[in-house]
Amino acid sequence: MRAVTRHVPLVILLLTSLTSVQAFAQQRSDTTASIPTIAAKTAGMQQIDGFMPLYWNERDGKMWLEVPRLNQEILYYVSLPAGVGHNDIGLNRGDLGPRYVVEFERTGPKVMMVQRNYSYRATTESAAERKAVDDAFAQSVIWGFTVGAESGGRVLVDATEFFLRDAHGVIGTLRRTNQGTFRLDGSRSAFYMNRTKGFPQNTEVEVTLTFTSDAPGGLVRSVTPTADALTVRQHHSFVELPTGYTPRKADPRAGYFGTSYMDFAAPIGESMTTRWIARHRLEKVDPSAPVSDAVEPIIYYLDPGTPEPVRSALIEGGRWWAQAFEAIGYRNAFRVEVLPDTADPMDIRYNVIQWVHRSTRGWSYGSSVSDPRTGEILKGHVTLGSLRVRQDYLLAEGLLSPYVTGDEVPPELEAMALARLRQLSAHEIGHTIGIAHNYIASAQGDGGRASVMDYPHPYVQLTSDGRIDLSNAYDQRIGDWDKLAVAYGYQDFPDHVNEHAALDSILADGARRGLTFLSDQDARPVGSAHPQTHLWDNGANAVEELDRMLRVRAAALDRFGERAIRSGRPLAMMEEALVPLYLHHRYQTEAAVKTVGGVYYNY
């Protein structure tokens, strides 16, 4: 049986194709026409101008985000301006969350927020080589939006759900800390307009989020008025990424945090890993001058909610770093001031020192927001726990047992506590200018105080008549290692100077003076082998310092009694002062034990 082939006249095919093209063009035209202009769409809304303009529709509670530049890299990060208030949970006021380098890419009616993968790169002029690496490794689409309006290449998207989500990972943190299974309750969540603002180089959006649970954990119960409804605030920041910054190569001897990536354009036979240090941008007004003002000084702003005399102590300690910058030829390059009433601590333009309250004593932190591409620090962010000063006051009470009548206020107690705060302020700020812990510093330098980046145990002395002396408990200045570290990270060099050789010379000179760097992996009790690196120890010789410290402890215990607490307090309160005194030698004992075996080494 033969198949019959029917031939359609060519003119009919052409007419049919033409009709289909016209229909598709009409459909596309209708779709385009249905998308309003941004001005028309946002009529009647509250406009918040800035780097990425916002439009707030109070009637339906929606927040619209204008994307003025597609396919341009920006920094997006999340923070926690109002937290939970318990150290063991985390989620403290001021915590920084995830950070991303993202681009907004449009495909038809969709706009994708795409995170670039900067862990793998090809630093080459060849676009094809760069694309080969880009295509070899996964990227991440953080969010997908739908175009609601457009004008002149700018697009408007409904970002309400994007902002009103658990971007900081509160639910996961509560689950990991065994505080129960929580859910985000949208009916009890909303935009926090007082802290939703726009600036030329950044846009800030804050939201109030409420999380609910049928069985909240005990720690949550201890810090919430109603445990089954935990309400915090989360903050979203879109920041313009800087240009014109020159990264500085990392050296393990220098003691800096930083960023690293695998470079597939590296020559065969050379390391594929490139490392940059983390540091602020700092330049001289007159690069040729031995001493010059900075083009833009590094300024840290203290939380205005910090009370006196704590406020003055934190400012004084933070300003110690000016000594290190002056030593490399900068004048007025580093300052610490109180945050103005008109400023927002979440604003990228302000390096901040936050005074954070918790229900229990907890850690302080020195964090930063940096450019993942280069390591440039854009914002220093210090969190200082407010209960630390009270613990140091308690240490002094146990050491001195000072209350003869029970009503006096011995000045030595507050003096020691404030001295510790000065050191703490300098320490945490040091992290935010890029510098890591240096736990061998207590065995180096003048009197074993080569760096504020070590953990300091109070250096308590006995006078000739057997009294306890706290006047030298903590240092009052920056250390020699700190000056060397700042020189490595921030010293500028004339064009004719070989920077690599000059930086190596800085570190070599420090080593000749006995200043070296060993950090957390070398000092933490588990797995640490170096006999001179430990936390909360003193002295170049740990055994001799332990003997001395035991004599101090014995003298303090001999006089310990009711005079350790003020009159009118229950005698049971003596225990709180006794415990830290009884364990006064704890960390020095650990340091002494490490001198048995181990190995001396450096980087």
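This one's a predicted model, so the numbers in the text were calculated from it and none came from an experiment.
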ask   = Got Glu428 and Thr432 here, is their nearest side-chain heavy-atom distance under 4.5 Å?
value = no
inquiry  = Taking ring pair (Phe, Tyr, Trp, His ring centres under 6.0 Å) as the cut-off, I'd like each qualifying pair that reaches into residues 399-430, sequence neighbours left out, listed once.
reply    = His427-His431, His427-His437, His427-Tyr455
Validation: residues 573-583 side-chain donor-acceptor distances under 3.5 Å, sequence neighbours left out:
none

inquiry  = Once you measure the plane-to-plane angle for Phe325 and Tyr330, does it fall in the parallel (<30°), tilted (30-60°) or perpendicular (>60°) bin?
reply    = perpendicular
query = Which residues pass the side chain to side chain contact (heavy atoms under 4.5 Å, CB included) test with Arg422, sequence neighbours left out?
reply = Ala313, Glu316, Trp320, Leu418, Ala419, Gln476
Pairs where residues 358-388 contributes a residue and the test ring pair (Phe, Tyr, Trp, His ring centres under 6.0 Å) is met, not counting sequence neighbours = none
task = Assess whether side chain to side chain donor-acceptor pair (under 3.5 Å) is satisfied between His235 and Glu206, documenting all intermediate values.
result = CA-CA 4 Å; His235 195 92; Glu206 194 158 307; 2.7 Å; yes
inquiry  = For a quick check under 3.5 Å, do Asp537 and Ser442 share a side-chain donor-acceptor pair by atom type?
reply    = yes
query = Looking at residues at least two apart in the chain, or sitting in another chain, which of them share a side chain to side chain contact (heavy atoms under 4.5 Å, CB included) with Ser222?
reply = His86
task = Applying side chain to side chain contact (heavy atoms under 4.5 Å, CB included), name anything that partners Glu544, two or more places apart in sequence or on another chain.
result = Asn541
inquiry  = Check for me whether the distance between the ring centres of Tyr474 and Tyr459 falls short of 6.0 Å.
reply    = no
Whether His530 and Tyr600 hold their rings parallel, tilted or perpendicular, with breakpoints at 30° and 60° = perpendicular
